[in-house]
Protein chains: 2
Amino acid sequence: MENPRELFQIMTRRFGLLNKYCCSVGGCDISLAQSHLLYEIDRRHKPSMQEVAEALGTEVTTFSRQVQSLIQMNLVKKTPDPNDRRVYTLSLTAEGKMIAGMIDQQMNDYLDEVFSYMTEFEKETVLRSVKLFNEAMGKSSRCSAPVTG
Amino acid sequence: MENPRELFQIMTRRFGLLNKYCCSVGGCDISLAQSHLLYEIDRRHKPSMQEVAEALGTEVTTFSRQVQSLIQMNLVKKTPDPNDRRVYTLSLTAEGKMIAGMIDQQMNDYLDEVFSYMTEFEKETVLRSVKLFNEAMGKSSRCSAPVTG
DNA sequence: ACATATAATTGCAAATTGCAAGTTATAGTT
DNA sequence: AACTATAACTTGCAATTTGCAATTATATGT
């Protein structure tokens, strides 16, 4: 377990499984992809379709259909952009916000439990580390997909 | 960006995109799922199908077919377990090992680049943090899928 | 006005998945 | 030894998801 990639790979997978698990929370059952979609729309301000698709690393064409199904489920709203009518901006409905909030809550509850196995100092160190790492990734040239954060 | 989940979510997504990107490395083109499969078989000792499927959070039935295609590509080998003939143990072929190795190399190269934006001390802190976090996740009851590490 | 570029959608074929049922092998019971 | 239950893995089939090429509608530049 000296290999840096190994460390991140394991963490990432576990976290991914948790995300999957949190999809069936509070009576609602959505797919992992849908959960990511809700998350990403939630944290941006009226993003365009392309913006979100790119952030998620999804083909726009696939994304378009994913959005359609979330609209049908009444979790997402699509509004034509008055400045450029080719563009649609996305936002969550009240119900969508609720679901996204519940998932977020559940995830943080889980993280809290994980942190309970550490000292407060360790927890702070871990959080600062992740933040630092995210910033460094942002500076790197290789990772083309623009994940703002 | 105070939200712990947010920090991990962003990191995880970026890392996931990188993984995806590293699939088309060295002339070989495999899917993300296949890459995960190679990775997981590589780091275990002659695992059974179930063991790997479970670690990856994939249905065995889906997994079975994924393995089949990797066998066809001559990257994976499936051997009947002499002790229990219901079981098949998985391993990588020479070619599979090579591909897995190249992906791993590429990932670590990328991580090196990311770490180049930090001091040596910060890098060590980050790596220790991830390790610590993985251990804590391992202790936690909630994450049912057994990702050994 | 015209050509070009951009944001999003659609059609269609191919790949991926999930469930139920099937196969083969082990384990436990009488 | 015959009988039942369970476990590991596979297969059939229907449904969902995807990727590519083509299409629509709007915007921009000359």
Side-chain angles (χ1 to χ4, degrees), chain A residues 13 16-17 19-21 23-24 28-38 40-41 44-73 75-91 144-146, chain B residues 16-17 19-21 23-24 28-38 40-41 44-73 75-91 145-146:
Chain A
R13 182 160 53 244
L17 290 174
N19 247 321
K20 200 165 159 187
Y21 168 73
C23 279
S24 40
C28 110
D29 251 317
I30 61 176
S31 75
L32 185 58
Q34 290 174 331
S35 166
H36 285 309
L37 236 140
L38 292 182
E40 201 59 35
I41 296 176
R44 291 171 186 263
H45 179 65
K46 293 200 167 293
S48 72
M49 308 265 298
Q50 287 215 87
E51 183 183 341
V52 182
E54 202 166 308
L56 293 172
T58 312
E59 285 273 321
V60 239
T61 163
T62 300
F63 184 79
S64 169
R65 279 179 268 240
Q66 288 173 338
V67 166
Q68 283 171 24
S69 69
L70 284 173
I71 289 175
Q72 283 220 317
M73 295 166 80
L75 300 178
V76 164
K77 218 173 9 188
K78 207 173 73 178
T79 320
D81 182 335
N83 300 325
D84 184 339
R85 278 164 45 201
R86 290 170 303 180
V87 176
Y88 288 88
T89 58
L90 299 172
S91 55
S144 57
Chain B
L17 290 174
N19 248 320
K20 200 165 160 185
Y21 167 73
C23 279
S24 38
C28 111
D29 250 317
I30 61 175
S31 75
L32 185 58
Q34 289 175 333
S35 166
H36 284 309
L37 236 140
L38 293 182
E40 199 60 35
I41 295 176
R44 290 171 187 266
H45 179 65
K46 294 200 166 292
S48 72
M49 309 264 300
Q50 287 214 87
E51 183 183 341
V52 183
E54 201 167 308
L56 294 172
T58 312
E59 285 273 320
V60 238
T61 163
T62 301
F63 184 79
S64 170
R65 278 179 269 238
Q66 289 173 339
V67 166
Q68 281 171 25
S69 68
L70 284 172
I71 288 175
Q72 282 220 318
M73 296 166 78
L75 301 178
V76 165
K77 219 172 9 186
K78 206 172 76 177
T79 320
D81 183 334
N83 299 324
D84 184 338
R85 276 162 49 200
R86 290 171 303 181
V87 176
Y88 288 88
T89 57
L90 299 172
S91 54

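Taking atom CG of B:Leu70 as the reference point, atom P of D:dT10 lies 13 Å away to the nearest angstrom. At whole-Å resolution of the value, CG in B:Asp29 and P in C:dA15 are 14 Å apart. Across the protein-nucleic acid pair, B:Ile30 atom CD1 and C:dA15 atom P stand 17 Å apart, rounded to whole Å. One atom, CE of A:Met49, and another, P of C:dT6, lie 18 Å apart when rounded to the nearest Å. Here C:dA25 presents its P atom at 13 Å from CG of B:Asp81, a figure rounded to the nearest Å. The CG atom of A:Asn83 sits 14 Å away from the P atom of C:dA7 (whole-angstrom rounding). Whole-Å rounding puts the B:Leu32 CG to C:dA15 P distance at 18 Å. D:dT26 atom P lies 10 Å from atom CG of A:Asp84, rounded to whole Å.
Among the protein residues, B:Phe63 comes within range of no part of the nucleic acid, since none of its heavy atoms lies under 4.0 Å from any strand.
With rounding to the nearest 0.5 angstrom, the CD atom of B:Glu51 is 8.0 Å from the CD atom of B:Glu40. With rounding to the nearest 0.5 angstrom, the OG atom of A:Ser64 is 12.0 Å from the CD atom of A:Glu59.
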Kindly determine whether A:Val52 and A:Thr58 satisfy side-chain contact (heavy atoms from CB on, under 4.5 Å), including the steps that lead there. CA-CA 9 Å; A:Val52 182; A:Thr58 312; over 6 Å; no

Go through the steps for B:Ile71 and B:Lys78 under the test side-chain contact (heavy atoms from CB on, under 4.5 Å), then give the verdict. CA-CA 8 Å; B:Ile71 288 175; B:Lys78 206 172 76 177; 3.7 Å; yes

Output, in order, the C-alpha distance, side-chain angles, deciding distance and verdict of side-chain contact (heavy atoms from CB on, under 4.5 Å) for A:Leu90 and A:Lys46. CA-CA 5 Å; A:Leu90 299 172; A:Lys46 293 200 167 293; over 6 Å; no

Step by step, would you call B:Ile30 with B:Met73 a side-chain contact (heavy atoms from CB on, under 4.5 Å)? CA-CA 10 Å; B:Ile30 61 175; B:Met73 296 166 78; 3.9 Å; yes

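Annotation: the terminal axes of the helix from C:dA1-D:dT30 to C:dT30-D:dA1 meet at 20°, where each axis is the rotation carrying the C1' atoms of four end pairs onto the next four (5 pairs per end, rounded to 10°).
Using a 3.5 Å distance cut-off with no hydrogens or angles, the side chains of A:Arg65 and A:Ser69 do not pair a donor with an acceptor.
Residue A:Phe63 places its CZ atom among more than 12 non-hydrogen atoms of other residues, nucleotides or ligands, all under 6.0 Å distant.
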Treating primed atoms plus P, OP1 and OP2 as sugar-phosphate and everything else as base, which nucleotides of nucleotides 12-21 of chain D get B, S or - for protein heavy atoms under 4.0 Å? BB----BBB-

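Distances shown here put every side-chain N or O of A:Arg86 at or beyond 4.0 Å from the OP1 or OP2 atom of C:dA7. OP1 or OP2 of C:dA8 has not a single side-chain nitrogen or oxygen of A:Gln68 nearer than 4.0 Å.
Side-chain atoms of B:Lys78 lie closest to D:dT10 of the nucleotides C:dT26, C:dA8, D:dT10.
Comparing A:Pro82 and B:Val87 against DNA chain D, the residue whose closest nucleotide sits nearer the 5' end is B:Val87.
Without hydrogens or angle criteria, A:Thr89 side chain to A:Thr79 main chain gives a donor-acceptor distance under 3.5 Å.
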